[in-house]
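Each chain gets a letter, A, B and so on, in the order the sequences are listed, and its residues count up from 1.
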Amino acid sequence: MPELPEVETIRRTLELDLPGPRITSVSGRSIALRRPLDVNRLQPLLIGRQFLAPRRRGKFLLLDLEPPGSLLVHLGMTGRIQLVKASLPRRDHTHLVIHLNDGRQLRFVDPRRFGLVDWLDPGTEGRDPSLAKLGVEPLDPSLSRVLPPLLRSRRAPLKSLLLDQRLVAGIGNIYAAEALWRSGIHPRRSGNRTSLVRLRRLAEAVRSVLGEAIEKGGTTLRDFAGANGEMGFFAVQLSVYGRQGERCVNCGSTIRAEVIGGRTTAWCPRCQR
DNA sequence: CCAGTATCCTGCAGGC
DNA sequence: TGCCTGCAGGATACTG
C-alpha cells in the first residue's frame with residue numbers, strides 16, 4: 001500500500017514538523033520485523049540527537065539525525081508513522097516510540113510487521129544491503145533513458161519487472177497496474193518483446209502516475225497529517241487497480257484481473273495489448 | 001544470472 | 001453469532 005507517493009507524502013509532512021526537538025528516550029518492544037527491531041540498541045544511539053529533514057529512497061525513509069546518523073524506515077504493507085502528543089493513547093502494534101523533549105512522540109506502528117526500523121551509521125547507507133541494490137529513482141529525469149533498455153534485457157512480464165526494486169525503486173502493485181494501463185501495455189507482455197518506443201511510453205507513464213499521486217497527496221497534506229498526527233495513506237483516483245469487473249474509464253470494456261508473478265493484476269483487455 | 005514461488009504477519013471479508 | 005478460509009502485498013530466501 002505505501003508505495004513511493006505515500007512515502008514521499010509522509011516525508012514531506014515530517015519535514016515540516018519533525019526537525020527541532022531533542023530525543024529524550026526510546027521505548028517499545030524488541031520484536032521480529034523485516035529486520036529484528038532492537039530497542040535496547042537504538043536507545044543509546046538516539047538519546048540526545050535531533051531529527052533533520054528526512055530523505056527518501058524508493059519506498060525507504062531516511063530519518064537523518066544530528067549529531068550524524070540515520071534511522072532507516074520501511075513501512076512494508078501496514079506500517080504507519082505517528083507524530084503525536086505523548087498523551088494520545090497508543091494504538092495496537094506500536095513497536096517503537098521515540099520521545100521528544102517538546103512533549104511529542106514519533107511512533108512506529110505496524111500490525112503485519114513487514115516493515116523495518118534500523119540504525120545507519122553516518123555514511124554507511126551505500127553499504128546497507130537493501131539500499132545498495134535499489135535501482136533508478138522513478139522521478140529522476142534519467143528514468144526514460146535508463147529504464148527501457150533494462151526492461152528490454154529481460155523476458156519476465158513487464159508487470160513483474162516494474163515491481164523489481166533493483167530495476168526501478170518505489171513502484172508497488174497499485175502504480176505498476178496504473179502505469180501499464182496508462183501506457184496501453186498488457187501486464188503479461190515480456191520486456192524483451194516490447195519495443196523501445198513503448199517502453200519509453202511506459203517509463204513516462206510511471207513518472208506521470210507517481211507524480212500526480214504525490215501532487216494529490218500534497219493537496220491533502222493537511223488532512224492527511226491529520227488532527228491526531230497520523231501519517232497513513234490517501235485514496236487516489238485509480239483507473240484499473242482493484243476495479244476488476246467494473247468498466248474501463250477509457251473504453252467501457254470490463255476490467256479483468258489475474259495473478260501475475262504472484263500478484264493480483266488488473267488490466268483492460270481492450271486498451272492494453 | 002534469471003524467473004518463478006514460498007515465506008513472513010495480521011486484519012478483514014465472505015461463506016456457511 | 002462464530003468459526004474457518006483465503007486474500008491483501010512489501011522484500012527476500014530459495015528452487016529449478
### Query
Under the 3.5 angstrom rule, does the side chain of E125(A) hit a backbone N or O of G123(A) as a donor-acceptor pair?
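Answer holds: no.
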
### Query
Are R57(A) and E137(A) within salt-bridge range, i.e. N to O under 4.0 Å?
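Yes, R57(A) and E137(A) are salt-bridged.
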
Under 3.5 Å donor-acceptor pairs involving side-chain atoms of residues 259-271 of chain A, not counting sequence neighbours:
residue : atom : partner : partner atom : Å
T265(A) : OG1  : K159(A) : NZ           : 2.7
T265(A) : OG1  : R263(A) : O            : 2.9
W267(A) : NE1  : H186(A) : NE2          : 3.2

### Query
If you look at every strand shown and take non-hydrogen atoms under 4.0 Å, does S130(A) touch a base, only sugar-phosphate, or nothing?
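Sugar-phosphate, backbone atoms only, no base.
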
### Query
For R35(A), does the CZ atom sit with more than 12 other heavy atoms under 6.0 Å from it, leaving out its own atoms?
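Atom CZ in R35(A) is packed in, count exceeds 12.
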
### Query
According to a strict under-4.0 Å criterion, is H93(A) in side-chain N/O contact with OP1 or OP2 of dT10(B)?
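Checking H93(A) against dT10(B): no side-chain N or O falls below 4.0 Å of OP1 or OP2.
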
### Message
OP1 or OP2 of dA8(C) versus the side-chain N and O atoms of T264(A): is any pair under 4.0 Å?
### Response
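For dA8(C), OP1/OP2 do have a side-chain N/O of T264(A) under 4.0 Å.
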
### Query
Which nucleotide in the list dC9(B), dA11(C), dG11(B) gets nearest to the side chain of K59(A)?
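Within the option list, the nearest is dA11(C).
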
Would you kindly give the [atom1]-to-[atom2] distance between [X] and [N], to the nearest whole Å?
X       : N       : atom1 : atom2 : answer
L167(A) : dC1(B)  : CG    : C1'   : 13 Å
L162(A) : dA3(B)  : CG    : P     : 13 Å
R91(A)  : dT10(B) : CZ    : P     : 16 Å
R80(A)  : dC9(B)  : CZ    : P     : 21 Å
F60(A)  : dT12(C) : CZ    : C1'   : 11 Å
L158(A) : dA3(B)  : CG    : C1'   : 14 Å
K159(A) : dG10(C) : NZ    : C1'   : 13 Å
D110(A) : dT10(B) : CG    : P     : 10 Å

#### Entry: By ring pair (Phe, Tyr, Trp, His ring centres under 6.0 Å) - contacts of F114(A) (at least two apart)
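Scan of F114(A) (ring pair (Phe, Tyr, Trp, His ring centres under 6.0 Å), adjacent residues dropped) gives none.
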
### Message
Checking R207(A) against S144(A): is there a side-chain donor and acceptor pair closer than 3.5 Å?
### Response
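Their side chains do not contain a donor-acceptor pair, so the 3.5 Å distance test is not met.
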
### Residue among L61(A), I98(A), D64(A) satisfying side chain to side chain contact (heavy atoms under 4.5 Å, CB included) with L71(A)
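Between L71(A) and the candidates, side chain to side chain contact (heavy atoms under 4.5 Å, CB included) is satisfied uniquely by I98(A).
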
Close N/O contacts between protein and nucleotides 4-8 of chain B (under 3.5 Å):
none

